Q: 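The structure follows.
Remember, it's a predicted structure, so these values are computed and weren't measured experimentally.
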Amino acid sequence: MPPRKNNPETDSARDGEADAKTLDERKASALNLLDKGERKSKVRAVPAAEQGSLYGHLGKSNPLDAIAEARATDRAAAAAAEDVGEVAEEEEPTKSVEVVGDKKIIHFKPPIIIKELAAMMELKPVLLMQDLMEMEIFASLGQAIEPEIAAKVCEKHGFIFEKERREKGAGVHKVEEVIEVPEAPAPEELEEDQLELRPPVVTFMGHVDHGKTSLLDAFRGSRVVHGEAGGITQHIGAYQVERKGHTVTFIDTPGHAAFSEMRARGANVTDIVVLVVAADDGLMPTTLEAIDHCRAAGVTIVVAINKVDIPRADVDRVKRQLQEIDLAPEDWGGSTICVEVSAKTGQGLDDLFEMIHLQAEVLELKASPEGPARGVVIEARTEAGKGPTGTVLVQSGTLRVGDAFICGVVSGKVKALLDDCGQRLDSAGPSVPVEIVGCSGVPSVGDELVELENERKAKKLSEERLEQQRQAKLAPTQRSALETLFNNIEQGKKASLRLIVKADAQGSLQAIEKSLAEIDSAKISAEILRQGVGPITEADVLLASASDAVLIGFNTKVEAKAQPVVKREGVQVKLFSIIYELIDQVKEAMLGMLEPETREKVIGHAKVLQVFKLSSGKVGGCSVTDGRVARKARARVLRDGVPIYDGGFTTLRRFKDDVKEVKVGLECGIKLGRFNDYLEGDVIECYELEKLEQTL
């Protein structure tokens with residue numbers, strides 16, 4: 001059989017009849033399926049090339065009108081399907097714009113059509129097309145883009161994109177709500193009339209049985225010490241005392257070395273520390289640990305020399321010991337306030353209270369009672385008849401009965417506020433300690449409490465934090481390490497290299513301290529939080545954990561009972577036997593903490609010979625006069641020697657090809673960012689950024 005000759009006219013007519021017949025059949029099938037609520041998924045199966053003809057066959061000249069009518073009919077069909085117990089396979093994408101404060105949030109369920117997204121943002125679609133072209137994405141107005149791309153485009157124009165999803169089998173849309181904890185404004189950011197003077201928060205610290213709780217008992221006029229097991233404080237308590245018209249909030253921390261971590265947390269929430277030293281015992285190891293915690297927290301220290309009424313009291317010996325550790329008393333020419341007191345006889349209590357008030361005036365402690373309440377948990381437990389409770393020190397805002405809150409992973413609603421005497425309060429302002437009833441669980445000591453809008457948001461945020469906590473347990477704890485300090489600096493985590501040094505002998509310790517002090521640098525310094533002779537103890541590890549420091553041992557070891565604490569806290573311990581290796585590693589760590597300096601390196605120039613107008617904007621036709629022009633580098637436009645624009649390359653072409661670089665003597669087309677003001681004679685200077693390591 002001879003081959004059939006192609007006749008374009010007859011073939012076209014034949015194909016048109018076949019297409020019309022096929023479309024008639026598909027139209028009838030689609031309309032029949034519509035009665036069952038299934039039309040939408042079947043109509044979408046029509047190829048894109050045939051949809052234009054189908055729209056015309058449905059009597060719509062404008063495809064967008066046809067789409068709109070089809071969508072309206074789809075919704076009616078879906079509703080009818082639900083009446084008979086059938087659920088449509090797909091739901092029409094929902095979209096809305098929500099305004100929350102100064103934020104404009106776009107809710108959109110995929111597919112995300114470019115033209116529809118532009119209409120929601122009230123922008124011309126061509127602007128979105130230009131944004132996509134800058135991201136090297138080329139699409140038509142009717143095409144869909146990924147949610148990640150849509151989020152970047154929305155962010156560029158001041159919108160926040162949130163993808164909506166549908167709960168399985170529910171047929172309803174659910175917005176993935178993002179709950180944000182309100183940030184606490186810094187006191188310097190608030191107006192003067194918004195701030196009010198607040199009572200100082202004072203912490204009692206010192207060695208066990210030196211009289212911390214007895215002093216507080218004398219202030220309160222009650223017998224707190226008799227309620228403690230063996231006369232030793234077993235938990236952190238907070239009390240507010242009013243004396244001679246002045247109010248002070250006291251935090252009573254345990255003095256025993258086993259509670260070092262709790263005491264460290266107490267130091268971080270306090271304004272003034274009253275260091276209690278017994279006049280007969282003087283400074284003890286636990287007292288020195290407390291001083292280290294105070295210095296690491298940067299709080300003011302007032303020394304209360306207690307038990308001055310007993311015959312063995314030696315006040316001058318205590319002051320000599322204080323002077324040896326750079327806490328010289330005022331009456332010895334120093335700056336440390338020392339008050340001689342007796343909790344038993346009441347001697348000096350008025351003077352101590354007056355000195356605390358004087359220090360508070362010098363510090364000018366202020367806070368805003370307005371806004372969401374924020375505070376810190378200083379004690380938590382479960383009580384019969386109350387359930388989980390937490391003692392919270394309010395730091396800003398005002399906490400009221402009925403307020404919803406989040407506290408670490410625990411949420412709740414304030415059912416009752418109780419003071420230290422068990423009396424109910426309606427509200428608690430800054431520096432007021434209260435016991436909160438209404439927690440969903442027992443919070444952790446040191447957790448921050450933040451007031452939220454409602455209980456629903458608090459519960460949702462609690463669930464999210466619990467999930468994050470579960471994920472965090474799978475990853476190892478990240479602590480300061482000599483090898484990773486540069487990464488910490490980039491994230492703004494550290495300002496100086498903090499060290500805790502232990503050595504085998506006092507002579508070695510002095511040699512190490514002298515060598516570290518001789519590291520001369522105006523940019524960075526090594527701060528020794530604590531130094532001592534002997535093995536690395538559990539107390540050393542807890543202090544390193546609380547202050548994010550690195551433990552260094554010289555010719556010494558880690559105590560057996562401290563080893564599991566090191567592993568649990570994730571603190572880095574470095575042991576050395578050669579002193580110059582120790583100093584070299586510290587120097588390397590200090591260098592690593594300095595961010596490299598950035599310097600520009602000019603690699604070439606190009607001169608604009610002609611300006612071309614394209615649909616995407618203007619492009620400069622250039623000739624490279626020296627060096628080279630690289631696509632990954634940055635460039636600036638110089639006009640009469642003055643820079644008028646600086647940015648990255650959007651286009652670098654040789655003829656019609658995109659290239660990575662163009663060398664001297666060759667011509668190319670250059671477009672920088674969204675710059676469109678090229679003129680003949682402009683010079684484009686191309687440069688790279690070099691990072692140079694700093695020196696101490």
Q: Between E661 (side chain only) and A630 (backbone N and O only), is there a donor and an acceptor less than 3.5 Å apart?
A: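 Such a contact is absent between E661 side chain and A630 backbone.
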Q: Report yes if some heavy atom in the side chain of L652 is under 4.5 Å from a heavy atom in the side chain of V629; otherwise report no.
A: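 L652 reaches V629 side chain to side chain.
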Q: Indicate yes or no for a side-chain donor-acceptor contact from S515 to the backbone of A511 under 3.5 Å, with no hydrogens or angles considered.
A: yes
Q: Tell me the closest heavy-atom pair linking L123 and L128, and the distance in Å.
A: CD1-CD1, 3.9 Å
Q: Between I579 and F554, which heavy-atom pair has the shortest distance, and what is it?
A: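 That would be N-CE1, 3.5 Å.
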Q: For the residue pair M121 and C154, establish whether any side-chain heavy-atom pair is separated by less than 4.5 Å.
A: yes
Q: Within this structure, what is the CD1-CZ distance for the pair I684 and F675, rounded to the nearest 0.5 Å?
A: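 Result: 8.5 Å between the selected atoms.
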Q: Does the side chain of R530 come within less than 4.5 Å of L551's, by heavy atoms?
A: no
Q: To the nearest 0.5 Å, what is the distance between CG (L509) and NZ (K514)?
A: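 One gets 14.0 Å once the value is rounded to the nearest 0.5 Å.
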Q: Has the side chain of S396 got a donor or acceptor atom that lies under 3.5 Å from a matching backbone atom of A367?
A: no
Q: Has R654 got a side-chain atom pairing as donor or acceptor with V659's backbone, closer than 3.5 angstrom?
A: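 Flag not set: sc R654 to bb V659 has no pair under 3.5 Å.
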Q: Counting only heavy atoms from other residues, nucleotides and ligands, does the tally under 6.0 Å from NZ of K156 exceed 12?
A: yes
Q: Taking all non-hydrogen atoms of both residues, which atom of L363 and which atom of D271 are closest, and how far apart?
A: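 Smallest heavy-atom distance, with atoms named: CD1-O, 4.1 Å.
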Q: Checking salt bridge (Lys or Arg N to Asp or Glu O under 4.0 Å) against D677, which of R639, K618, K671 comes through?
A: R639
Q: Is atom CZ of R599 surrounded by more than 12 heavy atoms (other residues, nucleotides or ligands) closer than 6.0 Å?
A: no
Q: Any sub-3.5 Å donor-acceptor pair from R634's side-chain atoms to E688's backbone N or O?
A: no
Q: What are the two closest non-hydrogen atoms of D292 and L543, and how far apart are they?
A: CB-CD2, 3.8 Å
Q: Would you say Q143 has more than 12 foreign heavy atoms packed within less than 6.0 Å of its CD?
A: yes
Q: Sub-3.5 Å donor-acceptor pair from the side chain of T650 to the main-chain atoms of G673, do we have one?
A: yes
Q: Quick check: closest heavy atoms across Q130 and R674, and the distance to 0.1 Å?
A: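 Nearest heavy atoms, Q130 then R674: OE1-NH2, 3.6 Å.
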Q: I114 versus I145: any side-chain heavy-atom pair under 4.5 Å?
A: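 A side-chain contact under 4.5 Å exists here.
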Q: Supply the atom-to-atom distance S508 OG to E513 CD, rounded to the nearest 0.5 angstrom.
A: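 The distance works out to 12.5 Å.
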Q: For D540 and K502, run side chain to side chain contact (heavy atoms under 4.5 Å, CB included): C-alpha distance rounded to whole Å, both residues' side-chain angles, the deciding distance at 0.1 Å, then the answer.
A: CA-CA 9 Å; D540 297 326; K502 299 297 287 287; 2.7 Å; yes
Q: Walk me through it: do V662 and I670 pass the test side chain to side chain contact (heavy atoms under 4.5 Å, CB included)?
A: CA-CA 10 Å; V662 181; I670 295 177; over 6 Å; no
Q: Could you check whether any side-chain heavy atom of V586 comes within less than 4.5 Å of a side-chain heavy atom of I552, counting everything from C-beta outward?
A: yes
Q: E451 and R374: salt bridge (Lys or Arg N to Asp or Glu O under 4.0 Å), yes or no, with the steps?
A: CA-CA 6 Å; E451 177 191 344; R374 307 179 77 93; over 6 Å; no
Q: I'd like to know if the side chain of S462 and the backbone of V409 have a donor-acceptor N/O pair within less than 3.5 Å.
A: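 Yes: the side chain of S462 pairs with the backbone of V409.
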Q: Step by step, work out the side chain to side chain contact (heavy atoms under 4.5 Å, CB included) result for L132 and I149.
A: CA-CA 8 Å; L132 293 172; I149 303 300; 3.6 Å; yes
Q: When you measure from the centre of the six-membered ring of Y687, is the NZ or CZ of R636 under 6.0 Å away and within 45° of the axis?
A: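 Yes, R636 lies over the aromatic ring of Y687.
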Q: Calculate, to the nearest 0.5 Å, the distance between atoms CG and CG belonging to L461 and L452 respectively.
A: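 The distance works out to 6.5 Å.
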Q: Please give me the minimum heavy-atom distance between V624 and K663, naming the atom from each residue.
A: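 Taking V624 first and K663 second, the nearest heavy atoms are CB-O, 3.5 Å.
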Q: Check the pair S623, K607 against side chain to side chain contact (heavy atoms under 4.5 Å, CB included), reporting the backbone distance first and the verdict last.
A: CA-CA 5 Å; S623 173; K607 187 175 182 180; 5.5 Å; no
Q: Are the side chains of I536 and V573 in touch, meaning some heavy atoms are under 4.5 Å apart?
A: yes
Q: Should we say atom CD of E155 is surrounded by more than 12 heavy atoms from elsewhere, each under 6.0 Å from it?
A: no
Q: Count the heavy atoms belonging to other residues, nucleotides or ligands that lie under 6.0 Å from CD of E467, then report whether that count exceeds 12.
A: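 Yes - once you tally the heavy atoms of other residues, nucleotides and ligands closer than 6.0 Å, there are more than 12.
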Q: Answer whether the closest heavy-atom distance between the side chains of Q585 and K574 falls below 4.5 Å.
A: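 Yes; the side chains approach each other to less than 4.5 Å.
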Q: Does the side chain of K152 reach to within under 4.5 Å of the side chain of M135, using non-hydrogen atoms?
A: yes
Q: CD1 of I512 to CG of L499: how many Å apart, nearest 0.5 Å?
A: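 It is 10.5 Å, given to the nearest 0.5 Å.
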Q: To the closest 0.5 Å, what do you measure between CD (E527) and OG (S547)?
A: 8.5 Å
